[in-house]
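Worksheet: one structure, shown below.
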Amino acid sequence: MSNWPDRRILDLLGIALPILQAPMAGATGSAMAIAVASAGGLGALPCAMLSGDQVRGEIEAFRTACPGKPLNLNFFCHQPPAPDPERDARWKQALKGYYAEVGADFDAPTPVSNRAPFDEQGCLLVEQLRPEVVSFHFGLPHAALLQRVKATGAKVLSSATTVEEALWLEANGCDAIIAMGYEAGGHRGMFLSDDITSQVGTFALVPQIADAVRLPVIAAGGIGDHRGLVAALALGASAVQIGTAYLFCPEAKVSPAHRRALDTAPASDTALTNLFTGRPARGINNRIMRELGPMSELAPRFPLAGGALMPLRAVTDAQGNSDFSNLWSGQALRLGRHMPAEQLTREIASKALAQIKQ
Ligand SMILES: Cc1cc2nc3c(=O)[nH]c(=O)nc-3n(C[C@H](O)[C@H](O)[C@H](O)COP(=O)(O)O)c2cc1C
């Protein structure tokens with residue numbers, strides 16, 4: 001398939017279609033990356049919740065299935081928080097009634113939630129495994145680590161949720177900017193501010209970032225079908241990154257409760273919440289979000305808030321109950337359709353191209 005009006009991302013990343021599969025930690029692995037890459041888009045492997053050996057295994061599966069295709073390895077690059085036992089204790093206290101209700105041991109030590117930032121170990125993985133693309137969430141790693149990533153020849157992407165963040169990423173070594181609108185599912189990539197009132201919707205964000213930076217722009221947030229792709233290109237993006245729509249594909253690793261919520265929730269039923277990890281992320285409203293409010297001052301800093309929820313989830317997840325589990329989703333969830341990711345990718349691209357040519 002050719003004749004895309006803007007070839008900047010296609011040429012930069014070596015892909016045939018201007019569609020990037022969003023890396024979705026916990027929800028996607030090599031099966032999704034293989035499906036999207038097979039269609040001609042960019043497959044991604046989120047590494048934030050994987051060990052080094054797991055990353056190696058996933059990459060090997062991808063390389064075997066898709067020889068010669070580029071791959072995006074995705075990392076979080078947050079600053080690990082300073083210990084704050086008082087805040088941890090206040091948060092756990094706020095959950096005490098739930099512990100009693102589900103029969104979890106309130107006095108047992110609180111488990112630690114695991115979302116590793118990009119570090120020496122991650123950098124060694126990149127140096128050894130040589131992904132063609134490395135993307136970061138929450139800004140960029142320290143300059144020395146970033147230089148080593150760039151020295152491998154990998155193209156570097158990161159998300160901007162404001163024009164200021166896009167300018168910062170351009171000045172600090174990114175090769176393309178993911179403009180992540182407010183509609184997007186999962187964690188906000190925000191890193192210069194933690195003020196959620198600063199967050200801009202995709203339709204306003206994409207053209208303003210495209211005007212402000214020289215780098216190519218990838219639109220993300222609320223894009224679920226060919227209409228979103230056509231609109232994003234019209235707004236100045238060179239490609240799109242799609243997350244939520246891929247959660248409906250059989251390659252996604254979502255729990256039955258999450259799948260049920262995705263299948264039934266109306267578009268008006270998502271919110272930004274910090275309850276599950278400590279950072280704002282968009283998910284479908286559930287019981288704990290309704291009862292505590294989706295944003296809480298009590299939640300410990302990312303990624304620690306999830307620890308005190310683990311004993312609750314250990315009981316309720318097993319019952320197929322999502323009262324205390326994150327149900328990440330963007331606002332465009334009702335555009336989701338159940339079809340294999342390769343087919344979905346091809347269909348979005350071919351319908352968009354047909355519409356552009358009219
Ligand atoms: C379940 C889920 C998990 C996500 N995990 C990550 C992640 O690990 N790394 C990342 O860079 N972005 C992550 N995101 C954000 C996506 O990369 C992307 O920006 C977003 O899904 C685009 O908006 P959409 O969901 O409306 O398509 C996640 C999104 C979802 C829905």
Side-chain angles (χ1 to χ4, degrees), residues 19-29 32-33 36 41-50 55 72-78 114-118 122 133-140 156-161 169 174 177-191 199 201-203 205-206 217-225 228-229 231-232 237 239-249 251-255 258-259 261-262 265 267 270 272-273 276-277 279-284 302-303 325-336 341 344-345 348:
I19 298 177
L20 284 70
Q21 169 234 321
M24 294 189 276
T28 57
M32 183 71 82
V36 175
L42 183 69
L45 276 180
C47 301
M49 295 169 75
L50 299 182
V55 173
N72 170 16
L73 230 54
N74 174 260
F75 299 92
F76 287 1
C77 56
H78 56 284
N114 70 332
R115 280 173 173 87
F118 187 71
V133 181
V134 175
S135 67
F136 295 104
H137 216 30
F138 317 131
L140 289 170
V156 172
L157 315 178
S158 184
S159 295
T161 65
L169 291 174
C174 260
I177 311 278
I178 303 161
M180 185 190 196
Y182 188 64
E183 299 90 322
H187 287 101
R188 307 289 310 142
M190 56 202 299
F191 59 94
Q199 298 297 282
T202 303
F203 221 89
L205 186 67
V206 171
V217 175
I218 298 153
I223 298 161
D225 63 17
L229 171 52
V240 295
Q241 176 162 290
I242 296 177
T244 299
Y246 281 122
L247 293 177
F248 291 80
C249 299
E251 293 87 350
K253 297 187 287 185
V254 293
S255 68
H258 194 170
R259 208 169 269 288
L262 285 165
T270 73
L272 288 188
T273 176
F276 299 106
T277 64
R279 258 186 188 269
R282 184 174 294 284
I284 298 166
F302 183 86
S325 305
N326 56 271
L327 301 169
W328 297 152
S329 170
Q331 290 180 325
L333 76 172
R334 290 276 54 83
L335 298 178
L344 177 66
T345 309
I348 292 174

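Read the numbers this way: they start at 1 and go in the same order the structure lists the ligands and their atoms. When a residue number appears, it is its place in the shown sequence, counting from 1.
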Exercise. Is there a side-chain contact between Leu344 and Phe248, using heavy atoms and a 4.5 Å cut-off?
Worked result: no
Show the short N or O contacts, below 3.5 Å, that ligand 1 makes with protein N or O atoms; if there are none, say 'none'.
{"unit_1": "ligand 1", "atom_1": "5 (N)", "unit_2": "Pro23", "atom_2": "O", "d": "3.4"}
{"unit_1": "ligand 1", "atom_1": "5 (N)", "unit_2": "Ala25", "atom_2": "N", "d": "3.3"}
{"unit_1": "ligand 1", "atom_1": "8 (O)", "unit_2": "Ala25", "atom_2": "N", "d": "3.0"}
{"unit_1": "ligand 1", "atom_1": "9 (N)", "unit_2": "Pro23", "atom_2": "O", "d": "3.4"}
{"unit_1": "ligand 1", "atom_1": "9 (N)", "unit_2": "Asn74", "atom_2": "OD1", "d": "2.8"}
{"unit_1": "ligand 1", "atom_1": "11 (O)", "unit_2": "Asn74", "atom_2": "ND2", "d": "3.1"}
{"unit_1": "ligand 1", "atom_1": "11 (O)", "unit_2": "His137", "atom_2": "ND1", "d": "3.3"}
{"unit_1": "ligand 1", "atom_1": "12 (N)", "unit_2": "Pro23", "atom_2": "O", "d": "3.4"}
{"unit_1": "ligand 1", "atom_1": "12 (N)", "unit_2": "His137", "atom_2": "NE2", "d": "3.4"}
{"unit_1": "ligand 1", "atom_1": "17 (O)", "unit_2": "Gln241", "atom_2": "NE2", "d": "3.0"}
{"unit_1": "ligand 1", "atom_1": "23 (O)", "unit_2": "Gly221", "atom_2": "N", "d": "3.4"}
{"unit_1": "ligand 1", "atom_1": "25 (O)", "unit_2": "Gly185", "atom_2": "N", "d": "3.1"}
{"unit_1": "ligand 1", "atom_1": "25 (O)", "unit_2": "Thr244", "atom_2": "N", "d": "3.0"}
{"unit_1": "ligand 1", "atom_1": "25 (O)", "unit_2": "Thr244", "atom_2": "OG1", "d": "2.6"}
{"unit_1": "ligand 1", "atom_1": "26 (O)", "unit_2": "Gly222", "atom_2": "N", "d": "2.8"}
{"unit_1": "ligand 1", "atom_1": "27 (O)", "unit_2": "Gly243", "atom_2": "N", "d": "2.8"}
{"unit_1": "ligand 1", "atom_1": "27 (O)", "unit_2": "Thr244", "atom_2": "N", "d": "3.3"}

Problem set entry | N/O donor-acceptor pair under 3.5 Å between Arg259 side chain and Lys253 backbone | no
Problem set entry | Any residue meeting ring pair (Phe, Tyr, Trp, His ring centres under 6.0 Å) with His78, in chain and number order, not counting sequence neighbours | Phe302
For this session: Please work out whether the ring planes of His187 and Trp328 are parallel, tilted or perpendicular, with thresholds of 30° and 60°.
Result: perpendicular
Exercise. Among all residues two or more places apart in sequence or in another chain, which pass the side chain to side chain contact (heavy atoms under 4.5 Å, CB included) test with Ala332?
Worked result: Leu335
Problem set entry | side chain to side chain donor-acceptor pair (under 3.5 Å) partners for Thr161, two or more places apart | Glu165, Gln199
